[in-house]
Participant: 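I am attaching a structure below and will ask some questions about it afterwards.
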Amino acid sequence: MTEPQFYIFVQAWMGLALLIFCINLFIKAPYGRHTSSKAGPMIDNRWGWIIMELPALVTVPILFVLGDAEKLPLSWFFLGLWCLHYIHRTLIFPFRIRTKGKKMPLAIVLSAIFFNLVNGYIIGTYLGNYATFSLDWIYNWYFILGLILFVVGMFINLQSDTILINLRKPGETGYKIPQGGFFKFVSCPNLFGEIVEWIGFALMTFGLPTASFALWTAANLIPRAKAHHEWYLEKFEDYPDRRRVIPFLF
Ligand code: NDP
């Protein structure tokens with residue numbers, strides 16, 4: 001793919017994200033609390049997470065190293081942030097969750113592999129071939145703001161996932177009302193944190209390919225948070241008043 005073709009592909013992929021966002025608002029992704037026996041063959045939940053996130057962890061560093069662009073320190077820094085997130089998501093998070101005996105539909109794993117392969121291709125190709133970040137990039141307002149958002153988003157994501165994981169004693173699989181941290185404001189601060197993190201990454205790099213990834217993250221996670229919030233309201237009569245995913249707004 002030439003560079004202009006690559007950017008046309010990224011724009012088309014962003015268009016698809018908008019379509020998927022609309023579909024996701026009406027059809028819940030059937031994993032976690034929304035798992036359905038109608039979703040076809042199932043695999044172990046923990047293995048599902050490892051297998052479906054692995055393409056994102058592997059493709060980006062490989063394409064980065066193979067790419068033609070000069071590898072300046074800031075490019076390595078951005079690659080490092082990506083790997084930091086995906087080493088945790090692929091190799092640590094699946095061993096922290098308390099989902100003993102739970103299954104995930106194979107269809108979810110396969111669609112996530114596809115999603116991660118395409119996004120990994122886009123980010124790896126961008127950082128490895130088309131993006132060059134000289135050191136004075138760090139003085140741009142968007143680098144500074146993006147870095148702050150990335151760190152804050154990652155903190156909110158990790159803190160909220162930890163609160164959720166600790167709601168269950170080892171061996172338990174049920175659901176409780178989460179309290180504390182950003183749960184004061186929204187039902188799904190872990191998903192909010194993830195969205196903020198990737199908006200931060202997009203700002204820091206100031207590129208269409210990274211904006212595309214932020215858009216895809218929001219297209220998947222805003223509808224999921226909406227579905228979670230509605231599920232909480234149905235399941236718990238005493239559910240507190242909080243927004244779905246964006247504090248004070250939605
Ligand atoms: P959820 O909030 O649905 O679940 C997170 C974990 O906490 C699961 O193990 C879940 O168990 C458990 N849990 C959730 N709510 C409760 C509760 N009320 N009581 C007890 N346990 C609970 O998050 P996801 O599984 O959708 O996502 C996990 C992580 O992956 C998040 O950090 C998310 O941001 C990230 N992610 C990123 C995506 C992206 O596009 N970049 C896409 C999808 C996820 P159970 O599985 O049994 O429900």
Side-chain angles (χ1 to χ4, degrees), residues 17 20-21 24 28-36 42 44-46 48-50 52-53 55-57 60 82 85-86 88-105 108-109 111-120 123 150 153-183 186-202 210 212-236 239-240 242 244-245:
I20 294 292
F21 172 74
N24 278 343
K28 293 173 205 162
Y31 69 97
R33 77 197 66 190
H34 309 295
T35 303
S36 154
M42 301 273 186
D44 175 76
N45 189 70
R46 176 166 295 151
W49 272 104
I50 296 170
M52 71 185 182
E53 299 296 334
L57 176 61
V60 175
W82 179 274
H85 177 93
Y86 274 101
H88 170 261
R89 180 68 69 232
T90 313
L91 304 175
I92 299 173
F93 175 78
F95 295 96
R96 296 181 63 217
I97 49 178
R98 294 181 175 161
T99 55
K100 198 164 178 249
K102 287 202 169 185
K103 305 256 184 227
M104 179 186 286
I108 287 289
V109 176
S111 62
I113 288 175
F114 174 70
F115 162 80
N116 281 325
L117 276 177
V118 178
N119 284 310
I123 301 291
F150 186 88
M154 185 179 253
F155 171 79
I156 295 173
N157 175 258
L158 288 172
Q159 183 201 45
S160 317
D161 270 341
T162 302
I163 290 174
L164 289 175
I165 289 166
N166 289 335
L167 286 175
R168 291 177 183 156
K169 297 193 184 81
E172 277 182 1
T173 53
Y175 293 90
K176 296 168 194 168
I177 299 177
Q179 305 283 3
F182 280 73
F183 285 99
V186 290
S187 290
C188 301
N190 55 338
L191 310 188
F192 170 67
E194 179 106 19
I195 294 167
V196 171
E197 194 179 329
W198 294 115
I199 289 175
F201 193 71
T210 44
S212 158
F213 187 65
L215 183 68
W216 267 97
T217 302
N220 281 321
L221 298 187
I222 290 176
R224 184 161 174 80
K226 177 177 169 287
H228 278 17
H229 182 77
E230 285 161 6
W231 181 93
Y232 276 125
L233 289 177
E234 247 176 54
K235 173 118 179 147
F236 298 104
Y239 192 67
R242 44 177 81 150
R244 299 164 185 86
V245 62

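These numbers come from a predicted model, not from an experiment. Numbering of ligands and ligand atoms starts at 1, following listing order.
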Participant: Would you mind telling me if ligand 1 is within reach of the side chain of L164, the backbone, both or neither, using heavy atoms under 4.0 Å?
Facilitator: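 Both backbone and side chain.
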Participant: Let me confirm one number: the CZ-CZ distance from R98 to R46, rounded to the nearest 0.5 Å.
Facilitator: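 Answer for the CZ-CZ pair, R98 versus R46, is 10.5 Å.
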Participant: So for atom NZ, which belongs to K169, do other residues, nucleotides or ligands contribute more than 12 heavy atoms lying within a distance under 6.0 Å?
Facilitator: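 Check fails, neighbour count at 12 or below.
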Participant: Would you please determine whether G174 falls within less than 4.0 Å of ligand 1 on a heavy-atom basis?
Facilitator: yes
Participant: Go through ligand 1 atom by atom and flag the ones less than 4.0 Å from a non-hydrogen atom of F93.
Facilitator: 28 (C), 29 (C)
Participant: Counting only nitrogen or oxygen atoms and a 3.5 angstrom limit, does T99 reach ligand 1?
Facilitator: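 Checking ligand 1 against T99, no N or O pair falls under 3.5 Å apart.
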Participant: With only distance considered, is D161 within less than 3.5 Å of ligand 1 through an N or O on each side?
Facilitator: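 Yes; the residue has a nitrogen or oxygen that sits under 3.5 Å from a nitrogen or oxygen of the ligand.
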Participant: Would you say Y86 and ligand 1 have an N/O pair spaced under 3.5 Å apart?
Facilitator: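 No, since none of the N or O atoms of Y86 sits under 3.5 Å from an N or O of ligand 1.
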Participant: Check the surroundings of atom CZ in F115: do more than 12 heavy atoms from other residues, nucleotides or ligands lie under 6.0 Å from it?
Facilitator: yes
Participant: Tell me, please: is W49 in heavy-atom contact with ligand 1, that is, under 4.0 Å?
Facilitator: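 Yes, that is the case, since the closest heavy atom of the residue is under 4.0 Å from the ligand.
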Participant: Please work out whether any backbone atom (N, CA, C, O) or any side-chain heavy atom from C-beta onward of W216 is under 4.0 Å from ligand 1, and answer side chain, backbone, both or neither.
Facilitator: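 Within the 4.0 Å criterion, W216 makes no contact with ligand 1.
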Participant: Atoms of ligand 1 less than 4.0 Å from R89 heavy atoms?
Facilitator: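 With R89 as reference, the close atoms of ligand 1 come out as 29 (C), 30 (O), 31 (C), 32 (O), 35 (C).
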Participant: Pick whichever of R96, M52, R33 has a heavy atom sitting closest to atom 15 (N) of ligand 1.
Facilitator: R33
Participant: Might you point out which heavy atoms bring A218 and P223 nearest each other, and give the distance in Å?
Facilitator: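 Nearest heavy atoms, A218 then P223: O-CD, 3.6 Å.
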Participant: Suppose I only count heavy atoms of Y232 and a 4.0 Å limit; which atoms of ligand 1 are within that range?
Facilitator: 15 (N), 17 (C), 18 (N)
Participant: Could you list which atoms of ligand 1 come closer than 4.0 Å to a heavy atom of T217?
Facilitator: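 With T217 as reference, the close atoms of ligand 1 come out as 40 (O), 41 (N).
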Participant: Among T35, L167, I97, which one has a heavy atom closest to atom 6 (C) of ligand 1?
Facilitator: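 Residue with the shortest heavy-atom distance to the ligand atom: I97.
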Participant: Residue-level breakdown please: for I165 versus ligand 1, do any non-hydrogen atoms fall below 4.0 Å on the side chain, on the backbone, on both, or on neither?
Facilitator: neither
Participant: Looking only at N/O atoms, are K176 and ligand 1 under 3.5 Å apart anywhere?
Facilitator: yes
Participant: Heavy-atom pairs closer than 4.0 Å: do any link ligand 1 to the side chain of N157, the backbone, both, or neither?
Facilitator: side chain
Participant: Is it the case that more than 12 heavy atoms not belonging to Q179 sit under 6.0 Å from its CD atom?
Facilitator: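 Counting neighbours around CD of Q179, more than 12 heavy atoms of other residues, nucleotides or ligands fall under 6.0 Å, so yes.
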Participant: Just checking F201 against W198, ring centres under 6.0 Å apart?
Facilitator: yes
Participant: In terms of heavy-atom contacts, does CZ of F114 have more than 12 from other residues, nucleotides or ligands at under 6.0 Å?
Facilitator: no
Participant: Check each of F213, Y175, W198 against atom 22 (C) of ligand 1 and report the one with the nearest heavy atom.
Facilitator: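 Looking at heavy atoms only, the winner is Y175.
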Participant: Have a look at R168, E194, M104 and point out the one with the heavy atom closest to atom 41 (N) of ligand 1.
Facilitator: E194
Participant: Hey, does Y31 come in under 3.5 Å of ligand 1, counting only N/O atoms on both sides?
Facilitator: yes
Participant: With atoms numbered from 1 as shown, which atoms in ligand 1 lie under 4.0 angstrom from a non-hydrogen atom of L191?
Facilitator: 33 (C), 34 (O)
Participant: Give me the nearest non-hydrogen protein atom to atom 2 (O) of ligand 1 as residue plus atom name, then the distance to 0.1 Å.
Facilitator: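 Residue, atom and distance for the closest contact: N190 ND2, 2.9 Å.
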Participant: Against heavy atoms of R224, which atoms of ligand 1 measure under 4.0 Å?
Facilitator: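 Answer, ordered by atom number: 3 (O), 24 (P), 25 (O), 26 (O).
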Participant: Assign the ring pair Y31 / W49 to parallel, tilted or perpendicular, where the plane angle (0 to 90°) is split at 30° and 60°.
Facilitator: perpendicular
Participant: Does at least one non-hydrogen atom of R98 fall below 4.0 angstrom from an atom of ligand 1?
Facilitator: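 Judged by the 4.0 Å heavy-atom criterion, R98 does not count as contacting ligand 1.
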Participant: Between T99 and R168, is any side-chain donor less than 3.5 angstrom from a side-chain acceptor?
Facilitator: no
Participant: Polar contacts were defined as any N/O atom of the residue lying under 3.5 Å from an N/O atom of the ligand; does this apply to K102 and ligand 1?
Facilitator: yes
Participant: Hey, are E230 and K28 close enough for a salt bridge, meaning a charged N less than 4.0 Å from a carboxylate O?
Facilitator: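 Salt bridge absent between E230 and K28.
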